[in-house]
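Since the structure comes first, as structure tokens, the remarks are kept for the end.
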Amino acid sequence: MLDIKFVRANPEKIKEALEKRGYEIDFDNFLFFEKERLALLRDIEEKRALRNSVSQEIANLKKSKDSTDKIDKLIVEMRNLGEELAISEKRLKDIEEKVENFMLFLPNIPHQTVPFGKDENENIEVRRWGEPPQFDFPPMNHWDIGEILGIIDFERAGKIAGSRFAIMRGLGARLERALINFMLDLHTQKGYIEVFPPILVNKASMTGTGQLPKFEEDLFRITDPEFYLIPTAEVPVTNLHREEILSEDDLPMYYASFTPCFRKEAGSHGKDVRGLIRQHQFNKVELVKFVKPEDSYEELESLTRDAEEVLQKLGLPYRVVALCTGDLGFASAKTYDIEVWLPGQGRFREISSCSNFEDFQARRANIRFRRRDKKGTEFVHTLNGSGLAIGRTLVAILENYQQKDGSVIVPEVLRPYMGVDVIK
RNA sequence: GGAGAGGUGGCCGAGUCGGUCGAAGGCAGCCGCCUGCUAAGCGGUUGUAGGGCCAAAAGCUCUACCCAGGGUUCGAAUCCCUGCCUCUCCGCCA
């Protein structure tokens, strides 16, 4: 959420900034209601102040016991005032709801360093690492490799759950587990605290990180009782400190969290229908940071490097792209995507997304901190990035390390976790 | 799932015949005094958010907040209803 004081003072600036993201937002209604809200608030507070003082007077009069006429008169007056107040309060509540709702649907403002662009085609490549492997045979897709090796079963997954599900089997399942352990070990060695949170969360948590109210259709929801399945560990982990005031000494805080993730993929019919790339359920190790505002862009760089390191250790070629304004996520001020090379597709595919949300999520989730020598509170900055998506990493390994005979070499760093050198 | 108890400020804890309670007291913290050092002692101080005054800061002032949301009342931490959470016992279960 943006700062409402800033929005009402600078609607033109916000409008302009959000146009860069492709949002056309009309502020007139908002400004109108916001003005009324403040006027109404003033009026209500005045009436409440009056009621408070008269009620006090009534209490004092009652003690003296004789001026019952005056008491009755005051009570009648206050009864009437109370009725007026109730009408105004109802009106205020309606307006507050409108204003709040408007604010919840406003996306974050892109950072000055975010390249301008319309869609993902205008993202800027920042750097590349590694060389795509050369094959003296036509490289296969991971779903063919997986099927031949008997380590991924899409067909039975379709039977027991439906499309966009997969079953990992034998060394495939072990590879999944090896990747989880490898990534968690790597990140926790660097100071990230491992957390394993609930993967069913409430509405407030989803609102805190920005999935709700705008992206309800992307989420799996259960009723009775009401919960949402997390689309990423970002949600529970960022909400760890919702409604908290941290001390400056606690910052920065780094978390690493492995969780399953669930997404409806409602808008992507026909996209990546085969293979592991786009699943309703997938595993991911997520990195989440809580930092002081002045450090957050430096922290975004180091967060991205920490995610890249996973690929480097696995020997998987990748590139880093800076998302342009038109491709930026709703809550993000700046995002780097890391794209891994997939020989089966002959292209780079997203495997991590590292974002600085500045105070956008902190304001929604009310996550603040207090500086040692200053009074008052400030919002923290939150960041997160995949480190990495497990399923897509597994895909990249199968495709990059495939051999002519159909076997797959296990990257060096995974061998202690796998117990074998080759999957065949 | 059944029965019961409870949710108060950073922490502990008082406060139910509704009023002077943003909330006693203690602890912790901060500032000062005192003290050979430490401890003890003494005085003061310490929540969050929003509005108004102010060019702004400081400051002053008002409003709201005693789990959340409704209700009763001139007035609610205190009474009523609903929800959430915690604890105890029984049952069930990985």
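Chain naming here is simple, since letters A, B, ... match the order of the sequence lines and numbering starts at 1 in each.
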Gap in Å between the two [atom1] atoms, one belonging to [N] and one to [M], rounded:
N: B:C85; M: B:C80; atom1: P; answer: 22 Å
N: B:A5; M: B:C12; atom1: P; answer: 22 Å
N: B:C30; M: B:G10; atom1: C1'; answer: 13 Å
N: B:C67; M: B:C62; atom1: P; answer: 25 Å
N: B:C79; M: B:G7; atom1: P; answer: 11 Å

Residue-phosphate contact under 4.0 Å: A:R42 side-chain N/O, B:U63 OP1/OP2: no
Phosphate contact (B:U48 OP1 or OP2) by A:R370 side-chain N/O below 4.0 Å: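 A:R370 to B:U48 OP1/OP2: side-chain N or O found under 4.0 Å.
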Specify the separation, in whole Å, of atom [atom1] of [X] and atom [atom2] of [N].
X: A:Q56; N: B:G18; atom1: CD; atom2: P; value: 17 Å
X: A:L85; N: B:G75; atom1: CG; atom2: C1'; value: 13 Å
X: A:D43; N: B:C62; atom1: CG; atom2: C1'; value: 14 Å
X: A:E46; N: B:C53; atom1: CD; atom2: C1'; value: 13 Å
X: A:E83; N: B:C74; atom1: CD; atom2: P; value: 9 Å
X: A:R37; N: B:A49; atom1: CZ; atom2: C1'; value: 12 Å
X: A:N52; N: B:C21; atom1: CG; atom2: C1'; value: 13 Å
X: A:E226; N: B:U82; atom1: CD; atom2: P; value: 21 Å

Per A:I58 side chain, nearest of listed nucleotides B:G19, B:C62, B:G51: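 Ranking B:G19, B:C62, B:G51 by closest atom to the A:I58 side chain puts B:G19 first.
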Among B:G50, B:C62, B:U48, the one nearest A:T377 by side-chain distance: B:U48
Which one is paired to [N], where only Watson-Crick or G-U wobble pairs with both distances under 3.5 angstrom count?
N: B:C87; result: B:G4
N: B:C65; result: B:G47
N: B:G36; result: none
N: B:C53; result: B:G59
N: B:C74; result: B:G19

How would you list, by chain and number, every residue that makes a ring-ring contact (aromatic ring centres under 6.0 Å, His included) with [X], sequence neighbours excluded?
X: A:F102; value: A:F27, A:F30
X: A:H280; value: A:F165, A:F220
X: A:F227; value: none

Polar side-chain atom of A:N239 near backbone of A:S205 as donor-acceptor pair, under 3.5 Å: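 Yes.
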Where at least one partner belongs to residues 328-338 of chain A, residue pairs that pass side chain to side chain donor-acceptor pair (under 3.5 Å), sequence neighbours excluded: A:T113-A:K334, A:E301-A:Y336, A:S332-A:T335, A:K334-A:Y336, A:T335-A:S355, A:D337-A:S353
Pairwise side chain to side chain donor-acceptor pair (under 3.5 Å) hits with a residue in residues 392-401 of chain A, at least two apart: A:H142-A:E399
A:E24: partners by side-chain contact (heavy atoms from CB on, under 4.5 Å), with sequence neighbours left out: A:K15, A:E19
By side-chain contact (heavy atoms from CB on, under 4.5 Å) - contacts of A:S407 (at least two apart):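 Here the qualifying residues are A:Q403, A:D405, A:V422, A:K424.
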ring-ring contact (aromatic ring centres under 6.0 Å, His included) partners of residues 359-388 of chain A, not counting sequence neighbours, each pair once: A:F330-A:F360
Could you go over nucleotides 66-73 of chain B and give all protein N or O partners under 3.5 Å, atom names and distances?
residue	atom	partner	partner atom	Å
B:G70	OP1	A:K93	NZ	2.8

Using a cut-off of 4.0 Å on non-hydrogen atoms, how would the nucleic acid contact of [X] be classed: base, sugar-phosphate, or nothing?
X: A:L74; value: nothing
X: A:R8; value: sugar-phosphate
X: A:K5; value: sugar-phosphate

Check: A:E45 side chain, B:G52 base, donor-acceptor under 3.5 Å: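 When only heavy-atom distances are counted, A:E45 does not reach the base of B:G52 through any donor-acceptor pair under 3.5 Å.
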A:R48/A:E89 ion pair, N-O < 4.0 Å: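 Yes, charged N to carboxylate O under 4.0 Å.
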Results of side chain to side chain donor-acceptor pair (under 3.5 Å) for A:R156 - residues two or more places apart only: A:D153
Residue whose closest nucleotide on RNA chain B lies nearer the 5' end, A:N366 versus A:L50: A:N366
Heavy-atom pair of closest approach, residues A:E217 and A:A266: O-CB, 3.8 Å
Pair A:Y255 and A:H241, ring centroids less than 6.0 Å apart: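 Yes, ring centres under 6.0 Å apart.
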Centroid separation A:Y297 to A:H111 less than 6.0 Å: yes
Please tabulate the protein-to-nucleotide N/O contacts below 3.5 Å involving nucleotides 8-11 of chain B, giving atom names and distances.
none

Close approaches to RNA chain B from residues 205-212 of chain A, in residue order (heavy atom, under 4.0 Å):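 The stretch gives none, as no residue of it lies under 4.0 Å from the strand.
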